There are 2 protein chains.
Amino acid sequence: MRRMIRRPTHPGNIIKEDYLLPLSITIKDMADTLGVSRKTLSKIINEKGAITPDMALRLSRAFDTTPDLWLSLQKNYDLWQAEHVSKAWQTVKPISPQLLHHQG
Amino acid sequence: MRRMIRRPTHPGNIIKEDYLLPLSITIKDMADTLGVSRKTLSKIINEKGAITPDMALRLSRAFDTTPDLWLSLQKNYDLWQAEHVSKAWQTVKPISPQLLHHQG
DNA sequence: ACAAGCGTAACCCAAAAGGTTACATTTGTG
DNA sequence: CACAAATGTAACCTTTTGGGTTACGCTTGT
């Protein structure tokens with residue numbers, strides 16, 4: 001199976017580079033628009049906070065996108081992190097292919 | 001944009017219906033294989049717990065799938081829930097299309 | 001009848017999201 | 001230069017959630 005080679009872009013980076021900067025919207029104003037605190041948005045922009053399902057819905061309304069876009073970005077980011085910060089999951093022993101791909 | 005009409009299948013349901021039952025693997029044994037407690041897996045199977053990135057990695061090794069499969073199922077489930085359990089996000093006012101789709 | 005599997009409650013710990021307030025720094029503009 | 005606005009972030013609080021252990025009662029198969 002295909003694995004992600006490099007660290008996926010954090011959704012906060014997309015918000016900043018693709019929306020706030022081009023549109024000259026401040027974090028403060030954007031936070032107000034989204035109905036969250038400045039702190040909450042600031043943390044996301046600075047890649048210290050995650051996109052929750054609720055935040056994905058808010059972003060989708062503000063930016064006219066699917067909420068799935070934002071949640072998928074976060075999912076990919078989280079997965080990459082989990083894959084690299086800990087190796088404990090690698091100790092899981094695969095179920096034997098015979099059993100797994102048994103017909104019937 | 002396309003919205004999910006009905007409640008997405010919970011990943012716990014997939015684990016149960018597509019793996020444990022067909023392969024006659026008990027929750028207890030599966031929990032041991034995954035290296036988690038019986039409680040943790042039981043909660044997921046009974047749709048009272050979520051697939052974390054770490055759990056997605058463990059499942060991917062045990063069942064020879066991508067971890068993304070499991071996290072995507074969870075993402076879709078979470079999104080549907082967030083969309084339906086609260087309506088607060090609907091109060092977010094979209095950024096004006098003129099500004100949003102402004103050229104340059 | 002008995003052992004195994006199971007759901008779940010109780011209890012504990014740690015992490016994370018989100019809010020408010022506050023402070024120091026940076027930055028743009030008059 | 002001076003001042004206001006924006007920003008990152010710390011401190012503090014609450015709530016939620018994941019995960020572990022132990023234990024109890026129920027169900028089921030042998």
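A, B, ... follow the sequence lines: proteins, then strands. Residue 1 opens every chain. What you see below is based on every heavy atom in this structure, not just the backbone, and it leaves out hydrogens, waters and symmetry mates. Keep in mind that this is a model prediction, so the values were computed, not measured.
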**OP:** With sequence neighbours left out, write down each residue that passes salt bridge (Lys or Arg N to Asp or Glu O under 4.0 Å) with B/Asp78, or none if nothing qualifies.
**Re:**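 Once residues adjacent in sequence are excluded, B/Asp78 has no partner under the salt bridge (Lys or Arg N to Asp or Glu O under 4.0 Å) criterion.
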
Original post:
Quick one: salt bridge (Lys or Arg N to Asp or Glu O under 4.0 Å) partners of B/Lys93, sequence neighbours excluded?
Top reply: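 Residues passing salt bridge (Lys or Arg N to Asp or Glu O under 4.0 Å) with B/Lys93: none at all.
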
Original post:
Who are the side-chain contact (heavy atoms from CB on, under 4.5 Å) partners of A/Asp68, not counting sequence neighbours?
Top reply: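 Partners of A/Asp68 under the side-chain contact (heavy atoms from CB on, under 4.5 Å) test: A/Thr66, A/Ser72, B/Lys75, B/Asn76, B/Leu79.
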
**OP:** Please identify each residue that fulfils side-chain contact (heavy atoms from CB on, under 4.5 Å) with A/Ser96, with sequence neighbours left out.
**Re:**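 A/Ser96 satisfies side-chain contact (heavy atoms from CB on, under 4.5 Å) with A/Gln98, A/Leu99 only.
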
Original post:
Which pairs pass ring pair (Phe, Tyr, Trp, His ring centres under 6.0 Å) with one or both residues in residues 11-39 of chain B, sequence neighbours excluded?
Top reply: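 Checked against ring pair (Phe, Tyr, Trp, His ring centres under 6.0 Å) - neighbours excluded - the pairs reaching residues 11-39 of chain B are B/Tyr19-B/Phe63, B/Tyr19-B/Trp70.
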
Using distance only, find each side-chain donor-acceptor pair of residues 33-48 of chain A under 3.5 Å and give its atom names and separation, not counting sequence neighbours.
{"unit_1": "A/Thr33", "atom_1": "OG1", "unit_2": "A/Asp29", "atom_2": "O", "d": "3.1"}
{"unit_1": "A/Ser37", "atom_1": "OG", "unit_2": "A/Thr40", "atom_2": "N", "d": "3.2"}
{"unit_1": "A/Ser37", "atom_1": "OG", "unit_2": "A/Thr40", "atom_2": "OG1", "d": "3.1"}
{"unit_1": "A/Ser42", "atom_1": "OG", "unit_2": "A/Asn46", "atom_2": "ND2", "d": "3.4"}
{"unit_1": "A/Asn46", "atom_1": "ND2", "unit_2": "A/Ser42", "atom_2": "O", "d": "2.8"}

**OP:** Determine to 10° how strongly the helix from C/dA1-D/dT30 to C/dG30-D/dC1 is bent, judged from the axes of its five-pair ends.
**Re:**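 Computed angle between terminal axes is 30°.
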
Original post:
When you check every protein heavy atom under 4.0 Å of nucleotides 17-22 of chain C, what one-letter string (B, S, -) results, 5' to 3'?
Top reply: SBBB-B

Original post:
Going 5' to 3' along nucleotides 25-30 of chain C, which nucleotides have protein heavy atoms under 4.0 Å from the base (write B), which only from the sugar-phosphate (write S), and which from neither (write -)?
Top reply: ------

Subject >> Contact boundaries on DNA chain D for chain A, cut-off under 4.0 Å to non-hydrogen atoms >> reply: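 Range of nucleotides within reach of chain A: D/dA6 to D/dT9.
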
**OP:** Name all residues meeting the ring-ring contact (aromatic ring centres under 6.0 Å, His included) criterion together with B/His101; count only those two or more places apart in sequence or in a different chain, and write none if there are none.
**Re:**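 In terms of ring-ring contact (aromatic ring centres under 6.0 Å, His included), with neighbours along the sequence ignored, B/His101 is linked to no residue.
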
**OP:** Kindly write out the residues that satisfy ring-ring contact (aromatic ring centres under 6.0 Å, His included) with A/Tyr77, not counting sequence neighbours, or none if the list is empty.
**Re:**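 In terms of ring-ring contact (aromatic ring centres under 6.0 Å, His included), with neighbours along the sequence ignored, A/Tyr77 is linked to A/His10.
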
